[in-house]
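Worksheet: the structure to be examined is printed underneath.
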Number of protein chains: 2
Amino acid sequence: MSTDQLSVTFAALADPTRRAILAHLAQGEASVTELAQPFAMSLPAISKHLKVLERAGLVTRSREAQWRPCRLAAEPLKDVDHWLTQYRQFWEQSLDRLDDYLQELQAEEKKKGRKHKT
Amino acid sequence: MSTDQLSVTFAALADPTRRAILAHLAQGEASVTELAQPFAMSLPAISKHLKVLERAGLVTRSREAQWRPCRLAAEPLKDVDHWLTQYRQFWEQSLDRLDDYLQELQAEEKKKGRKHKT
DNA sequence: CAGTTAATTAACTATTAGGTTAAACGTACT
DNA sequence: AGTACGTTTAACCTAATAGTTAATTAACTG
């Protein structure tokens, strides 16, 4: 795996379990066992997923007695969002083209309408 | 690797070579050799990267004589953008909090101001 | 038809990812 | 001190990634 920040972030996001964990954390802090609960997967597996998320900077952890509560950290997602901006025109553009097309259709309809009226 | 669309897309993006290829294609259509040119990497390696991008739906290809020109397809990026929306509040929120803080400071300033006036 | 150019496929190698079970660690409870 | 709870580490397995070189396919060119 590449080690640049964006690659590490994308790699971390390329797993449904990890994305589900992030979604859970979006609701607020949670312990490892809590996070593991929805999955048919051993605790060490979840622990590894968390480590991946942590290395990507998407999760931070504190210590509280024997628990290691996890929190969402959104900065890398912000970076992804920023990276996306250079491509946004490509789907907005096609919407614009669809818009153009629809407007053209409407214009056509108007013409026909006029024709029918005359 | 997981086979759901989003995982496949993120995995495809988790490589700097592939992201550079996308950036190149954002400038317009290009052949495999053209795309390979900036990299110190064999052609088959690029071919494989292109296949990954193609499977993720990020690139489409046509045939033109012995060339197989590649084009950017942005739909999966749109999906990523959409997925991100559920997290946008997390970095906008912190800006809001900064906003709140600044407003509080201002309010404080006003109070002081009033005090001085009275 | 022979040769050249563009790209892919095949076969191989090394590394990493994602999972397992079993053992160890750290803290709290009695 | 001993036990229970929450979590991580160790050791291992399998499959997938990312790269290589060599051979192959496909289309144009003289």
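Every chain is numbered from 1, with letters handed out A, B, ... down the list of sequences.
- Nearest to the side-chain atoms of A:Met41 among the listed nucleotides C:dT27, C:dG19, D:dC28 stands C:dG19.
- For C:dA6, the OP1/OP2 oxygens have no side-chain nitrogen or oxygen of B:Arg61 closer than 4.0 Å.
- Side chain of B:Pro44, nearest nucleotide from D:dT9, C:dT9, C:dT27: C:dT9.
- Side-chain heavy atoms closer than 4.5 Å link hydrophobic residues (I, L, V, M, F, W, Y) into clusters, and following such links, possibly through other members, connects A:Val59 to B:Leu84.
- Out of D:dT8, D:dG19, C:dT9, the shortest distance to the side chain of B:Ala45 is found at D:dG19.
- Residue B:Gln66 contributes atom CD, which lies 13 Å from atom P of C:dT8 at whole-angstrom precision.
- Backbone-only contact: A:Ser31 has heavy atoms under 4.0 Å from sugar-phosphate atoms and none from a base.
- As rounded to whole Å, 14 Å separates atom C1' of D:dA22 from atom CG of B:Leu43.
- Put simply, CZ on B:Phe10 is 19 Å from C1' on C:dG18, counting in whole angstrom units.
- Between the CD1 atom of B:Ile46 and the C1' atom of D:dA18 there is a distance of 11 Å, rounded to whole Å.
- Distance A:Lys51 NZ to C:dG18 C1': 14 Å, rounded to the nearest Å.
- A:Arg18 places a side-chain N or O within donor-acceptor distance of the main-chain N or O of A:Ala12, the cut-off being under 3.5 Å.
- Distance CG/A:Leu13 to CG/B:Leu6: 8.5 Å, rounded to 0.5 Å.
- Between C:dT9 and B:Lys48, no contact under 4.0 Å exists linking OP1 or OP2 to a side-chain N or O.
- You'll find that the side chain of A:Ser42 is closest to C:dT20, out of D:dC5, C:dT20, C:dT9.
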*asked:* Between B:Arg19 and A:Ser7, does the side-chain hydrogen bond (donor to acceptor under 3.5 Å, both in side chains) criterion hold? Intermediate values first, please.
replied: CA-CA 9 Å; B:Arg19 290 198 306 279; A:Ser7 296; 2.9 Å; yes
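- In the set C:dT20, D:dG19, D:dT17, D:dT17 carries the atom at the smallest distance from any side-chain atom of B:Met1.
- Counting only heavy atoms from C-beta on, B:Arg63 has its side chain closest to D:dA27 among C:dG18, D:dA27, D:dT9.
- Dashed line: the shortest gap from a side-chain N or O of B:His49 to OP1 or OP2 of D:dG19 is under 4.0 Å.
- Side chain of A:Glu54 to backbone of A:His49: no donor-acceptor contact under 3.5 angstrom is found.
- To the nearest angstrom, C1' of C:dT8 lies 11 Å from CG of B:Leu50.
- Atom CG of B:Leu53 is separated from atom P of D:dA18 by 10 Å (rounded to the nearest Å).
- With DNA chain D read from its 5' end, the first of the two nearest nucleotides for B:Ala40 and B:Arg68 is the one closest to B:Ala40.
- Here the P atom of nucleotide D:dC28 and the CH2 atom of B:Trp67 are 8 Å apart, to the nearest Å.
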